[in-house]
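Note that ligands are numbered from 1 as they come in the structure, with each ligand's atoms numbered from 1 the same way.
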Amino acid sequence: MSAGLSIRGLSKAYVPGKPVLRDITLDFAPRGVTAIIGPSGTGKSTLIRCINRLVEPSGGSILLDGQDLVPLRGRALRLARRRIGMVFQEYNLVERLSVMENLLSGRLGYVPLWRAWLRRYPEEDIARAFALLDAVGLPDHATRRADALSGGQRQRVGIARALMQRPALLLADEPTSSLDPRTAVEVMELLTRLTAEEGVPVIVNIHNVELAKRFCGRVIGMHQGEVVFDGPPEAIEPRHLTQIYGGEDWM
Ligand SMILES: Nc1ncnc2c1ncn2[C@@H]1O[C@H](COP(=O)(O)OP(=O)(O)O)[C@@H](O)[C@H]1O
Ligand SMILES: [Mg+2]
């Protein structure tokens, strides 16, 4: 059984005959942060959503620590999904719940339903939630409602929630695109530092090439559903950006 994530011949067509992902094959080490860059509509979100099966792949396999996720259904799929944390552009917090309740909901897959309904969570989950709130710089915010937070604070909660489940892999889809430039840098700094400390590999879709280069050890460039660049940030040359984003007139 090989550790990490291995994507083999992945394809996706929402409409038959119009592939959005074409035969993607990629291997990810069990450590480190990988950025996926590319123009809008090129399939970055589709790729990430195929990995956690929010989108059904049309073909290929996705092996996480040796287990193919593609054929999984029902309970087996839910179990596998618990191992994948997700951070969203629009945070996806439950607005009317407290920060603490949002964090604990990251453990919902583990807590029996009746306990979740009664909002009775195990001591160790509550201790972990407080430790994570501390780690993301919000130690005094446990009882604040999510809708009272700024965007940057919300994304910090989003990161803490994704880490609550001790994921084997963390996926982030444009986690900084709704934030101002300075907060975007702070959130990327936090995301990369915490996941390094916890030993969680990260795949992050990111619009901002400079952020990708600054924070990610590996950059994958996509164009029209295909991988056209894969390497360390220092290997990206202007011609690669032309390949990824097309044309030169925009630069
Ligand atoms: N649920 C869907 N149904 C049909 N087409 C979709 C759906 N989601 C995305 N697409 C299409 O797939 C292509 C890739 O989209 P997406 O993965 O969101 O790209 P990106 O994240 O790189 O902007 C786009 O042409 C988009 O319109
Ligand atoms: Mg997208």
* Could you tell me whether ligand 1 has any atom less than 4.0 Å away from a heavy atom of Gly225? =>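 In this structure, Gly225 fails to qualify as a contact of ligand 1 - no heavy atom is under 4.0 Å.
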* Asked: Heavy atom of Gly38 under 4.0 Å from ligand 1?
  -> no
* To do: Verify the cluster assignment for Val33 and Leu190: are they in a single hydrophobic cluster under the rule of side-chain heavy atoms below 4.5 Å apart?
  => yes
Minimum-distance protein heavy atom relative to [atom]:
| atom | value |
| --- | --- |
| atom 1 (N) of ligand 1 | Tyr14 CE2, 3.6 Å |
| atom 19 (O) of ligand 1 | Gly43 N, 3.1 Å |
| atom 24 (C) of ligand 1 | Gly41 O, 3.8 Å |
| atom 17 (O) of ligand 1 | Thr46 OG1, 2.5 Å |

* If every non-hydrogen atom of Leu132 is compared with every non-hydrogen atom of Glu198, which pair is closest and at what distance? -> CD2-OE2, 4.3 Å
* **Main-chain N/O of Glu226 paired to Arg22 side chain as donor or acceptor, under 3.5 Å** =>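 Absent.
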* Using modelled atom types only, decide if a donor and an acceptor are shared between the side chain of Lys213 and the backbone of Asn208 within a distance under 3.5 Å. =>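 No; zero donor-acceptor contacts below 3.5 Å.
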* Taking heavy atoms and a distance under 4.0 Å, where does Val20 meet ligand 1: side chain, backbone, both or neither? -> side chain
* Find out whether the Lys NZ or Arg CZ of Arg218 is both under 6.0 angstrom from the six-membered ring centre of Phe28 and within 45° of the ring's axis. => yes
* What residues form a salt bridge (charged side-chain N to carboxylate O under 4.0 Å, His left out) with Glu197, not counting sequence neighbours? ->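 In terms of salt bridge (charged side-chain N to carboxylate O under 4.0 Å, His left out), with neighbours along the sequence ignored, Glu197 is linked to Arg193.
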What atoms of ligand 1 come within less than 4.0 Å of a heavy atom belonging to [X]?
| X | value |
| --- | --- |
| Thr42 | 19 (O), 20 (P), 22 (O) |
| Ser40 | 23 (O) |
| Ser45 | 17 (O), 18 (O), 20 (P), 21 (O) |
| Pro39 | 22 (O) |

* Under-4.0 Å heavy-atom contact between protein and atom 27 (O) of ligand 1 ->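 Protein heavy atoms within 4.0 Å of atom 27 (O) of ligand 1 - there are none.
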* Asked: Is atom 7 (C) of ligand 1 close to the protein, meaning a heavy atom under 4.0 Å from it?
  -> yes
* Out of Asp23, Asp68, Asp27, which one pairs with Arg8 under the side-chain hydrogen bond (donor to acceptor under 3.5 Å, both in side chains) rule? ->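 Only one of Asp23, Asp68, Asp27 forms a side-chain hydrogen bond (donor to acceptor under 3.5 Å, both in side chains) with Arg8, namely Asp27.
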* Asked: Has Ser45 got an N, O or S atom lying less than 2.8 Å from the Mg ion (ligand 2)?
  -> yes
* side chain to side chain contact (heavy atoms under 4.5 Å, CB included) between Glu95 and Arg145: does it pass, once the steps are laid out? -> CA-CA 7 Å; Glu95 294 287 319; Arg145 269 171 60 133; over 6 Å; no
* Quick one: side-chain contact (heavy atoms from CB on, under 4.5 Å) partners of Arg31, sequence neighbours excluded? ->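 In terms of side-chain contact (heavy atoms from CB on, under 4.5 Å), with neighbours along the sequence ignored, Arg31 is linked to no residue.
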